[in-house]
Peer 1: 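Mind having a look at this structure? Questions to follow.
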Amino acid sequence: MPKQDFLALTDLSKDEILELFGTAAGLKSGERRSNLLAGRTLAMIFAKSSTRTRVSFEVGMYQLGGHALFLSTADIQLGRGEPIKDTARVLSRYVDGIMIRTYEHSSVVELAAHASVPVINGLTDLLHPCQVLADLFTMYEALGSVEDRVVAWVGDGNNMANSWLNAAAILGFELRLACPDGYRPDCAVFKAASAKTRITITEDPDEAVRGAHVVNTDVWTSMGQESESDARALAFRGYTIDEARMRLAHDDAIFLHCLPAHRGEEVEDEVLEGPHSRVFDQVENRLHVQKALLVRLLQ
Ligand code: CP
Ligand code: NVA
């Protein structure tokens, strides 16, 4: 069987996502045997900071009986200019899978093209599929369904927004985006999703949030964009999720944020710590969903 990568949510069908969530639920409840990756090793390349992704993948591999290697690009030869295609072939001779967090999405595509083992996208400037997979699982847990729900995205049209567009395209739910002019999602990802399901975009956060079952946001300045943070703070003025805005959503709405959060910018503390927030369930579900993904790709 050819190796399977996970570079984008669109690498999985709806049925495959649901099957993965079944495995994740089994692992989470402890019903499923967990020593499924005994003797397997995952290399984890990080060109950007991480708390959740690093810890959840490392702990996940350990819990499955395998091992994970943390490889910062500050330490490996990739950071000194060794080509990606060489790194891919070198690591493939040692490990059973590679997870990578980096800048350009094309670097991950190139890595996957030259690696003979599965490659997992742990975040690029374009996409963050592992996070949104865990978020969808969190939605199923909290709301019981995803397909018939309305999801609001408020803020930057960034890697998270692009992955939510992919998710909407696969699962068929309605996605409403509120993004300032100049900060819209990737055009190709937006067009592809719009062809599959109901996607709307506005500059009015209230319009996006009204009646929504999920209210979702992320930082205004992503990793690698630090020099733009002043301009971004201006552009996103008025986009903060506070209690008043949350009240516009459905009564049972949940608030999601991939974290790390900047309280007082994209979200107020009262929302992050409030009754609608499921942010720490998202955190935990990274572990269970990624374990299911690792079992699928590496076993
Ligand atoms: N949400 C997320 O990916 O967090 P980290 O940057 O800490 O990995
Ligand atoms: N959009 C954020 C997500 C961090 C998990 C970033 O790319 O920095």
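Whatever order the structure lists them in is the order used to number ligands and atoms, beginning at 1. Computed from a prediction, not measured in an experiment: that's the story for all the values here.
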Peer 1: Looking only at atom types and distance, does a side-chain atom of S229 sit under 3.5 Å from a main-chain N or O of E226, one as donor and one as acceptor?
Peer 2: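 Yes, the answer is positive, given that a donor and an acceptor are paired below the 3.5 Å cut-off.
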Peer 1: Give the atom numbers and elements of ligand 2 that come within less than 4.0 Å of a heavy atom of L259.
Peer 2: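 The list of qualifying atoms is 5 (C).
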Peer 1: Please list the nearest protein heavy atom to atom 8 (O) of ligand 2 with its residue and the distance rounded to 0.1 Å.
Peer 2: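 Here the nearest protein heavy atom works out to M223 N, 2.8 Å.
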Peer 1: Between the side chain of T73 and the main-chain N/O of G79, is any donor-acceptor distance below 3.5 Å?
Peer 2: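 Such a contact is absent between T73 side chain and G79 backbone.
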Peer 1: D218 to ligand 2: N or O pair under 3.5 Å?
Peer 2: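 Right, the criterion is met.
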Peer 1: Would you say R184 and L177 make side-chain contact, with heavy atoms under 4.5 Å?
Peer 2: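 No, side chains not in contact.
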Peer 1: Just do the salt bridge (charged side-chain N to carboxylate O under 4.0 Å, His left out) check on D125 and K48 with the steps written out, would you?
Peer 2: CA-CA 11 Å; D125 292 344; K48 291 175 173 170; 2.6 Å; yes
Peer 1: Give the residue and atom name of whichever protein heavy atom lies nearest to atom 7 (O) of ligand 2, and the separation in Å to one decimal.
Peer 2: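 Residue, atom and distance for the closest contact: N159 ND2, 2.8 Å.
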Peer 1: Extract all donor-acceptor atom pairs below 3.5 Å that involve side chains of residues 289-299 and protein atoms in other chains or at least two apart in sequence.
Peer 2:
{"unit_1": "Q290", "atom_1": "OE1", "unit_2": "R286", "atom_2": "NE", "d": "2.6"}
{"unit_1": "Q290", "atom_1": "OE1", "unit_2": "R286", "atom_2": "NH2", "d": "3.0"}
{"unit_1": "Q290", "atom_1": "NE2", "unit_2": "S56", "atom_2": "OG", "d": "3.0"}
{"unit_1": "K291", "atom_1": "NZ", "unit_2": "Q63", "atom_2": "OE1", "d": "2.7"}
{"unit_1": "R296", "atom_1": "NE", "unit_2": "Q4", "atom_2": "OE1", "d": "3.4"}
{"unit_1": "R296", "atom_1": "NH2", "unit_2": "Q4", "atom_2": "OE1", "d": "3.3"}
{"unit_1": "R296", "atom_1": "NH2", "unit_2": "E16", "atom_2": "OE2", "d": "3.1"}

Peer 1: Is K48 touching ligand 1 with its side chain, its backbone, both, or neither, if touching means heavy atoms under 4.0 Å apart?
Peer 2: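 Neither part.
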Peer 1: Would you check whether Q282 reaches within less than 4.0 Å of ligand 1, judged by its heavy atoms?
Peer 2: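 Distance cut 4.0 Å: Q282 fails for ligand 1.
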Peer 1: Would you say ligand 1 has an N or O under 3.5 Å from any N or O of L259?
Peer 2: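 Yes, there is a polar N/O contact under 3.5 Å.
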Peer 1: Provide the number and element of each atom of ligand 1 under 4.0 Å from a heavy atom of C258.
Peer 2: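 So the answer, numbered in order with elements, is 1 (N).
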Peer 1: How far is atom 4 (O) of ligand 1 from its nearest protein heavy atom, and which residue and atom name does that atom have?
Peer 2: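 It is R52 NE, 2.8 Å.
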Peer 1: Between L42 and V95, is any pair of side-chain heavy atoms under 4.5 Å apart?
Peer 2: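 No - every pair of side-chain heavy atoms lies 4.5 Å or more apart.
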Peer 1: For A74, does its backbone N or O pair with a side-chain atom of S72 as donor and acceptor, under 3.5 Å?
Peer 2: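 Yes, the answer is positive, given that a donor and an acceptor are paired below the 3.5 Å cut-off.
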Peer 1: Are any side-chain N or O atoms of N162 and backbone N or O atoms of L126, one a donor and one an acceptor, separated by less than 3.5 Å?
Peer 2: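 Checking the backbone N and O of L126 against the side chain of N162, a donor-acceptor pair under 3.5 Å is found.
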Peer 1: Show me which atoms of ligand 1 lie under 4.0 Å from any heavy atom of Q131.
Peer 2: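 Going through ligand 1 atom by atom, the ones under 4.0 Å from Q131 are 1 (N), 2 (C), 3 (O).
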Peer 1: Please could you name the atoms of ligand 1 that R286 approaches to less than 4.0 Å, counting only its heavy atoms?
Peer 2: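 Near R286, the atoms of ligand 1 are 1 (N), 2 (C), 3 (O).
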Peer 1: Any heavy atom of R101 closer to ligand 1 than 4.0 angstrom?
Peer 2: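 Flag set, R101 near ligand 1.
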Peer 1: Using a 3.5 Å cut-off on N or O atoms only, is R54 in polar contact with ligand 1?
Peer 2: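 For ligand 1, there is no N or O atom that lies under 3.5 Å from one belonging to R54.
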Peer 1: Mind checking whether L136 and L143 sit in one hydrophobic cluster, side chains of I, L, V, M, F, W, Y counted as touching below 4.5 Å?
Peer 2: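 Linked within one cluster.
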Peer 1: Just let me know how D125 lines up against ligand 2, side chain, backbone, both or neither, with a heavy-atom cut-off below 4.0 Å.
Peer 2: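 Neither; no heavy atom under 4.0 Å.
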Peer 1: Can you sort out which atoms of ligand 1 are near T51, meaning under 4.0 Å from one of its heavy atoms?
Peer 2: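 Under 4.0 Å from T51, ligand 1 has these atoms: 5 (P), 7 (O), 8 (O).
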